[in-house]
Engineer: 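Okay, handing you the structure first.
Side-chain atoms are counted along with the backbone in the values below, which use heavy atoms only and exclude waters and symmetry mates. Every number for a ligand or one of its atoms is a count from 1 in the order of the listing.
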Amino acid sequence: MKKEYSKYFAPSLKDARKRVNKDIKNIIFDVPESLVGLGNNLKYHIKTYGCQGNLSDSEKIAGILEMLGFTYVNYDEEADLILFNTCAIRENAEDRVFGELGRVKSLKKTKPNLILGICGCMPQEEKVVETIKNKHPQVDIVFGTHNIYKLPEYLADAFLKHERVVEVYSTEGNVVEEMPVKRDHSHKAWVDIMYGCDEFCTYCIVPYTRGRERSRQPEDIIREVETLADDGYIEVTLLGQNVNAYGKDLDREYKFANLLADLNKTKIKRIRFTTSHPKDLDDETIAVMAKGGNIMPHLHLPVQSGSNVILKKMNRKYTKEEYLEKIGKLKKAIPDISLTTDIIVGFPEETEDDFNETLSLVNEVGFEGAYTFIFSPREGTPASKYTDNVKSDVKKERLLTLNQLINEGFAAGNKRFEGEIVDVLVEGTSDKREDIMMGYTPHNKLVNFPGGLESVGRIVKVKIEKAYTWHLKGKMINEE
Ligand code: SAH
Ligand code: SF4
Ligand code: F3S
């Protein structure tokens, strides 16, 4: 059966690059009364790829779906609606989605009423929308990162009118408040503090897929965190692509440090945040972090490279020396801080010397973990046009060498807690055993210890007996 399009609005990366100077308004989420009940007796399944921003968006999508009456199922074979919330950051992320899509669309053979949807960062690229249109006509709904709030309307087109819809906006819209959220955890929660990114690192697609930086109003964030604390949540992670740029677009003098200081006064027991940009991490933020309290002594501070030549080509707007100076300030203010990072190897024209600069920086900082990547050219970004002259096996070798060093740092970061008593927010049982519990310390170290389900969702004291590369093992000594 060939379906018509109810709407066809495709994206343009070129338009997405523009930063239009228009007022961002806060709008309140609303669903037409007539659509509530649309999902009654229907089941949904969401596959989420990419960063915490996408995990957070998926929780909102799930919230909308449940508001409409849909129920969640863990297996896609049982679903009437399958949504892919996708990531465009590297080519292999996209390949995985197309691979899965190929498998899932075959489910339509036995279930012709199954509705398939794709959203998130991939549909923000025109090339992806073209591929879906030409090679995967089984996909019924395509939307992007800026119009999640319109999902009820798209579902009505697909389920009631039996039409297909493609609607992707290239420029950001307003900040939508009061979207329903179905959270994945009952003790820790994501809290978006801003959307978009204005940095334009030359390798990165995010400023094109997520639009310009828009901060939520401080009151809305503080209210959300207070409500979470009242509802029994222990930990929040504040989300933004560059949280240190928070507030720059607000119509008052209120920055990330102000927000942290205000959240420091709330009842929530643990605050984390990601991601920080080294250029914008300021002394005020370090000072608030140093006060401790509910702000956790861990910072993820992506450096990307240790070579000034490469950092310049990446448009990161700091030097190795400036990065190290900030690390020095952080260590002085928070002596036991745990630092992690992101690093890209094999950036165009990265020489052996450039790579050695990265290794020396890693040694000097003593990172206790890192996400490491091989450069992946993204169409539409400046770096995709640079001469990619580093041979593939050299890139792989650099990644291996770097990972070895990072793993040593991971192990050393764990080792320093042997014999210590640490606070663990217990999340559940370990993957392998029902009688072993797992959770995280303030420094974000994974701890396993023998125990029962009654500790889940609580902060307990654990004496660390042994450190391994990826986790710590200990015994619970008493409860909070
Ligand atoms: N906003 C965050 C994270 C963005 S994406 C930040 O600025 O750090 C997460 C990580 O993916 C980046 O830190 C970077 O290390 C990596 N990344 C982004 N684009 C990439 C590309 N084209 N190829 C390889 N890695 C990339
Ligand atoms: Fe991408 Fe740079 Fe923005 Fe991070 S700061 S999302 S790496 S452009
Ligand atoms: Fe991926 Fe989009 Fe996040 S590209 S990393 S899901 S902002």
Engineer: Quick one: does NZ or CZ of R96 land under 6.0 Å from the six-membered ring centre of Y49, within 45 degrees of the ring axis?
Structural biologist: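 No, a cation-pi geometry is absent between R96 and Y49.
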
Engineer: Do NZ/NE/NH1/NH2 and the carboxylate oxygens of K313 and E350 come within less than 4.0 Å?
Structural biologist: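 Looking at E350 together with K313, the answer is no, because their closest N to O distance does not fall below 4.0 Å.
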
Engineer: For atom 3 (C) of ligand 1, tell me which residue out of Q241, E91, M314, H300 has the closest non-hydrogen atom.
Structural biologist: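 Among Q241, E91, M314, H300, the closest heavy atom to atom 3 (C) of ligand 1 comes from Q241.
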
Engineer: For ligand 3, is there an atom lying under 4.0 Å from some heavy atom of Q241?
Structural biologist: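 The answer is yes, since Q241 has a heavy atom less than 4.0 Å from ligand 3.
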
Engineer: Compute the shortest N/O to N/O distance between R90 and ligand 1 and return yes if it is under 3.5 Å, no if not.
Structural biologist: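 Yes; the residue has a nitrogen or oxygen that sits under 3.5 Å from a nitrogen or oxygen of the ligand.
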
Engineer: Could you tell me, atom by atom, which parts of ligand 2 come under 4.0 Å of a heavy atom of C204?
Structural biologist: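 So the answer, numbered in order with elements, is 1 (Fe), 6 (S), 7 (S), 8 (S).
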
Engineer: Below a 4.0 angstrom heavy-atom separation, can you tell me which part of V206, side chain or backbone, both or neither, approaches ligand 2?
Structural biologist: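 It is the side chain that touches ligand 2; the backbone stays farther off.
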
Engineer: For the residue pair N54 and T48, confirm or rule out a side-chain donor-acceptor distance under 3.5 Å.
Structural biologist: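 Distance-only check fails for N54 and T48.
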
Engineer: Can you list the ligand 2 atoms lying under 4.0 Å from a non-hydrogen atom of H277?
Structural biologist: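 Going through ligand 2 atom by atom, the ones under 4.0 Å from H277 are 5 (S).
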
Engineer: If I apply the N/O under 3.5 Å rule, does Q304 come out as touching ligand 1?
Structural biologist: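 Q304 vs ligand 1: N/O contact under 3.5 Å present.
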
Engineer: Write out the residue and atom name of the closest protein heavy atom to atom 2 (Fe) of ligand 2, then the distance separating them to 0.1 Å.
Structural biologist: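 Going by distance alone, atom 2 (Fe) of ligand 2 is nearest to C201 SG, 2.3 Å.
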
Engineer: How far is atom 2 (Fe) of ligand 3 from its nearest protein heavy atom, and which residue and atom is that?
Structural biologist: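 That would be C121 SG, 2.2 Å.
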
Engineer: In this structure, does ligand 2 have an atom that sits under 4.0 Å from one of the heavy atoms of R210?
Structural biologist: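 No, that is not the case, since the closest heavy atom of the residue is not under 4.0 Å from the ligand.
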
Engineer: Under 3.5 Å between some N or O of ligand 1 and some N or O of T275?
Structural biologist: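 T275 vs ligand 1: no N/O contact under 3.5 Å.
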
Engineer: Of all the non-hydrogen atoms in the protein, which one sits nearest to atom 9 (C) of ligand 1, and at what distance?
Structural biologist: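 For atom 9 (C) of ligand 1, the nearest protein heavy atom is D342 OD2, 3.7 Å.
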
Engineer: With a 4.0 Å heavy-atom cut-off (strictly under), which part of F200 contacts ligand 2: side chain, backbone, both or neither?
Structural biologist: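 Contact part for F200 vs ligand 2: backbone (N, CA, C, O).
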
Engineer: Please could you name the atoms of ligand 2 that P207 approaches to less than 4.0 Å, counting only its heavy atoms?
Structural biologist: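 Counting atoms of ligand 2 from 1, those under 4.0 Å from P207 are 8 (S).
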
Engineer: Could you check whether E78 pairs with K43 (Lys NZ or Arg NE/NH1/NH2 to Asp/Glu carboxylate O, under 4.0 Å)?
Structural biologist: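 Between K43 and E78 there is no salt bridge, as every charged N stays at least 4.0 Å from the carboxylate O atoms.
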
Engineer: Output the list of atoms in ligand 2 that are nearer than 4.0 Å to some heavy atom of Q241, sorted by atom number.
Structural biologist: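 What qualifies from ligand 2 is 6 (S).
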
Engineer: Strictly by modelled atom types, are K150 and Y169 linked by a side-chain donor-acceptor pair under 3.5 Å?
Structural biologist: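 Distance-only check passes for K150 and Y169.
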
Engineer: Based purely on interatomic distance, does H277 place a nitrogen or oxygen under 3.5 Å from a nitrogen or oxygen of ligand 1?
Structural biologist: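 N/O-N/O distance below 3.5 Å does not exist for this pair.
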
Engineer: Can you check which of T381, I374, N92, T274 brings a heavy atom nearest to atom 24 (C) of ligand 1?
Structural biologist: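 It is I374 whose heavy atom sits nearest to atom 24 (C) of ligand 1.
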
Engineer: Identify the two heavy atoms, one from C87 and one from A93, that lie closest to each other, and give their separation to 0.1 Å.
Structural biologist: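 Heavy atoms of C87 and A93 come nearest at O-CB, 3.9 Å.
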
Engineer: Would you mind running through ligand 3 and noting each atom that sits below 4.0 Å from a heavy atom of R210?
Structural biologist: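 In order of numbering, the contacting atoms are 2 (Fe), 6 (S), 7 (S).
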
Engineer: If you have a sec, work out which protein heavy atom is nearest atom 4 (S) of ligand 3 and how many Å separate them, to one decimal?
Structural biologist: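 Going atom by atom, the protein heavy atom closest to atom 4 (S) of ligand 3 ends up being A88 N, 3.2 Å.
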
Engineer: Could you see which bit of R378 sits under 4.0 Å from ligand 1, with heavy atoms only: side chain, backbone, both or neither?
Structural biologist: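 Answer for R378: side chain.
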
Engineer: Number the atoms of ligand 1 from 1 as they appear, then name those within less than 4.0 Å of a heavy atom of F375, with their elements.
Structural biologist: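 Taking each heavy atom of F375 in turn, ligand 1 has 23 (N), 24 (C) under 4.0 Å.
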
Engineer: Among all protein non-hydrogen atoms, which one is nearest to atom 7 (S) of ligand 2, and what is the separation to 0.1 Å?
Structural biologist: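 Residue, atom and distance for the closest contact: Y203 OH, 3.4 Å.
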
Engineer: Given F347, Y203, Y371, F373, which has its nearest heavy atom closest to atom 20 (C) of ligand 1?
Structural biologist: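 The option holding the nearest heavy atom is Y203.
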
Engineer: Are T351 and D354 close enough that a side-chain donor and a side-chain acceptor fall under 3.5 Å?
Structural biologist: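 Short answer, yes.
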
Engineer: Could you tell me if N315 and T202 have a donor-acceptor pair between their side chains, going purely by distance under 3.5 Å?
Structural biologist: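 Their side chains do not contain a donor-acceptor pair, so the 3.5 Å distance test is not met.
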
Engineer: Between R316 and ligand 1, find which residue part has any heavy-atom pair under 4.0 Å and reply side chain, backbone, both or neither.
Structural biologist: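 Side chain only.
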
Engineer: For the residue pair D280 and N242, confirm or rule out a side-chain donor-acceptor distance under 3.5 Å.
Structural biologist: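 D280 vs N242: donor-acceptor pair found between side chains.
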
Engineer: One thing to verify: whether E94 and R378 come together as a salt bridge, which I'm taking to mean a side-chain N less than 4.0 angstrom from a carboxylate O.
Structural biologist: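 Looking at R378 and E94, the cut-off is met.
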
Engineer: List the closest protein heavy-atom neighbour of atom 8 (O) of ligand 1: residue, atom name, distance to the nearest 0.1 Å.
Structural biologist: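 Closest protein heavy atom to atom 8 (O) of ligand 1: P302 CG, 3.1 Å.
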
Engineer: Can a salt bridge be assigned to the pair E153 and K7 using a cut-off of 4.0 Å between side-chain N and carboxylate O?
Structural biologist: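 Salt bridge flag = yes for K7 with E153.
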
Engineer: Would you call I89 a ligand 1 contact, heavy-atom distance under 4.0 Å?
Structural biologist: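 Per 4.0 Å heavy-atom rule, I89 contacts ligand 1.
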
Engineer: Using a 4.0 Å heavy-atom cut-off, say whether C87 meets ligand 3 through its side chain, its backbone, both or neither.
Structural biologist: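 It is both parts that get close, each with some atom under 4.0 Å.
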
Engineer: Is it true that the side chains of S6 and D157 contain a donor and an acceptor less than 3.5 Å apart?
Structural biologist: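 Note: S6 and D157 side chains meet the donor-acceptor criterion.
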
Engineer: Going by the ring pair (Phe, Tyr, Trp, His ring centres under 6.0 Å) test, name the single residue among Y246, W190, F256 that passes it with F273.
Structural biologist: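 Of the listed residues Y246, W190, F256, the ring pair (Phe, Tyr, Trp, His ring centres under 6.0 Å) partner of F273 is F256.
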
Engineer: Relative to the heavy atoms of S376, which atoms of ligand 1 are at a distance of less than 4.0 Å?
Structural biologist: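 Answer, ordered by atom number: 21 (C), 22 (N), 23 (N), 24 (C).
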
Engineer: Hey, are R17 and Y208 close enough side-chain-wise for a donor-acceptor pair under 3.5 Å?
Structural biologist: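 Judged by distance alone, the side chains do pair up.
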
Engineer: For atom 2 (Fe) of ligand 3, does an N/O/S atom of C51 lie at less than 2.8 Å?
Structural biologist: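 False for C51.
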
Engineer: Let's go through R252 and E219 carefully: what are the C-alpha distance in whole Å and the side-chain angles of both, what is the deciding distance for salt bridge (Lys or Arg N to Asp or Glu O under 4.0 Å) to 0.1 Å, and is it a yes or a no?
Structural biologist: CA-CA 13 Å; R252 58 182 130 162; E219 296 75 19; 2.9 Å; yes

Engineer: Taking atom types as modelled, is there a side-chain donor on E172 or Y195 under 3.5 Å from an acceptor on the other?
Structural biologist: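 Note: E172 and Y195 side chains miss the donor-acceptor criterion.
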
Engineer: Quick one: look up the protein heavy atom nearest atom 3 (Fe) of ligand 2 and list residue, atom name and how far away it is.
Structural biologist: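 Looking at atom 3 (Fe) of ligand 2, the protein heavy atom closest to it is C197 SG, 2.3 Å.
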
Engineer: Would you call I344 a ligand 1 contact, heavy-atom distance under 4.0 Å?
Structural biologist: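 For ligand 1, residue contact (heavy atoms, under 4.0 Å) with I344 is present.
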
Engineer: Taking the side chain as every heavy atom from C-beta outward, state whether Y323 and V365 have any atom pair closer than 4.5 Å.
Structural biologist: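 The answer is yes, as the side chains (C-beta and beyond) meet within the 4.5 Å cut-off.
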
